[in-house]
Amino acid sequence: MKIATWNVNSVRTRLPTITKWLQEARPDVVCMQEIKCQDAQFPYEAFEALGYNIAVHGQKAYNGVAILSKYAIEESTNGLPGGDETDDHARYIEAVISADQGPMRLASIYLPNGNPKDTDKFTYKLNWMHRLRAHAKTLLAFEEKLVLAGDYNVIFRDEDCWDPKVWADDALFAPEVRDEFAALMWEGFTDAWLEKDGRGHEYTFWDYQRGAWQRGHGIHIDHLLLSPQAADALQSVHIAKDARAMDKPSDHVPVVIELDA
DNA sequence: ATGGTCGGTCCCCGA
């Protein structure tokens, strides 16, 4: 089965681009981020016509995540546990699907950006990452096939950006953020890309500004983290770089894994 | 040629 993660940067504006890619790549599951709409505005019919079941956690204008699955969605949960009433961002949705070889749990994650670093946006990011790690730990204890996929807004290694000097003061490159991502991995996850490929200079995001795509000025911030049970089934990983050259592209491209599952 | 972006709550904010 093929599982994709893709920050689409508005599901409504991007709909023709997304459906075109889905028809070509034919992923079985898609973890989508930055849908930028409320649940009722989500274009359900267009994706149902392509054979997907859908779980959505939307909000007005910003953020928003969804999971599309050709397998039945047995249950889904909106929001990352551990938040209080002040956290109204739609950044996490989790679902259990019925794959051919049994149930699989997936999350679609839009981790906070955290810029600028000297504001409460950065502390929100770090708190959110702590909550994610705590929740991920409880999920790992289930010893299931588990995939945490999404836009992590973390430049984990120097090779994950075109020029570390340019990113040195950015919230995506902050040592605390990179350490927290490492701590999440250390709980027992396998990063699909690092496991199967791991070459430098393969990016998943190119800014719309400053001709970043044309100049090759990208960063690698979209990841699929696998539990040991899911990692055992990992066959391949692919960054769908061509999607950045489509008409009306997202600034992120899909990352796709193939699981023997 | 000293610029060069998108999207949405649309002229300002978030990325």
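Looking at heavy-atom distances under 4.0 Å, A:R215 makes contact with a base. Residue contacts shown for A:F205 are absent, as no nucleic acid heavy atom lies under 4.0 Å away.
As rounded to whole Å, 8 Å separates atom C1' of B:dC6 from atom CZ of A:R14. At whole-Å resolution of the value, CG in A:N7 and C1' in B:dA15 are 9 Å apart. As rounded to whole Å, 14 Å separates atom C1' of B:dG14 from atom NZ of A:K125. Here the C1' atom of nucleotide B:dA15 and the OH atom of A:Y124 are 15 Å apart, to the nearest Å. Distance A:F173 CZ to B:dA15 P: 20 Å, rounded to the nearest Å. With rounding to whole Å, A:Y62 atom OH is found 13 Å from B:dC6 atom C1'. With rounding to whole Å, A:H252 atom NE2 is found 14 Å from B:dT5 atom C1'. Distance CG (A:N63) to P (B:dG14): 11 Å, rounded to an integer number of Å.
The separation of B:dT2 from B:dG8, taken at their P atoms, amounts to 31 Å, rounded to a whole angstrom. B:dC10 and B:dC6 have their C1' atoms separated by 12 Å, given to the nearest Å. To the nearest whole angstrom, the two C1' atoms, one in B:dT5 and one in B:dC11, are 16 Å apart. For the C1' atoms, the distance from B:dG3 to B:dT9 is 30 Å, rounded to whole Å. Across the P atoms, B:dA1 and B:dG7 are found 30 Å apart, a figure rounded to whole Å.
Nearest-nucleotide assignment on DNA chain B puts the 5′-proximal partner with A:G211, out of A:G211 and A:A61. Residue-to-nucleotide proximity on DNA chain B shows that, of A:N153 and A:Q59, the 5′-proximal contact is made by A:Q59.
The cationic atom of A:R91 (NZ for Lys, CZ for Arg) lies less than 6.0 Å from the six-membered ring centre of A:Y110 and within 45° of the ring axis. Remark: A:R178 qualifies as a cation-pi partner of A:F173 under the 6.0 Å distance and 45° angle criteria applied to the six-membered ring.
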Which is it for A:R131 and A:D87 under the salt bridge (charged side-chain N to carboxylate O under 4.0 Å, His left out) test, yes or no, and what are the steps along the way? CA-CA 12 Å; A:R131 284 166 54 196; A:D87 183 11; 2.7 Å; yes
Just do the salt bridge (charged side-chain N to carboxylate O under 4.0 Å, His left out) check on A:E258 and A:K2 with the steps written out, would you? CA-CA 5 Å; A:E258 183 119 18; A:K2 286 168 80 172; 5.4 Å; no
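Between the side chains of A:N9 and A:K36, at least one donor N or O sits under 3.5 Å from an acceptor N or O. No side-chain N or O of A:Y203 forms a donor-acceptor pair with one of A:D160 less than 3.5 Å apart.
The A:R12 side chain lies nearest to B:dT9 when the options are B:dT5, B:dG14, B:dT9. For A:K60, whose side chain is taken as the heavy atoms from C-beta onward, the closest listed nucleotide among B:dA15, B:dT9, B:dG7 is B:dT9. Side-chain atoms of A:K121 lie closest to B:dG14 of the nucleotides B:dT9, B:dG7, B:dG14. Distances were taken from every side-chain heavy atom of A:Y208 (C-beta onward) to each of B:dA15, B:dT5, B:dG7; the shortest belongs to B:dT5.
Between A:K248 and B:dG7 there is a side-chain polar atom (N or O) within less than 4.0 angstrom of OP1 or OP2. Using a 4.0 Å cut-off, no side-chain N or O of A:S10 falls inside it from OP1 or OP2 of B:dC6.
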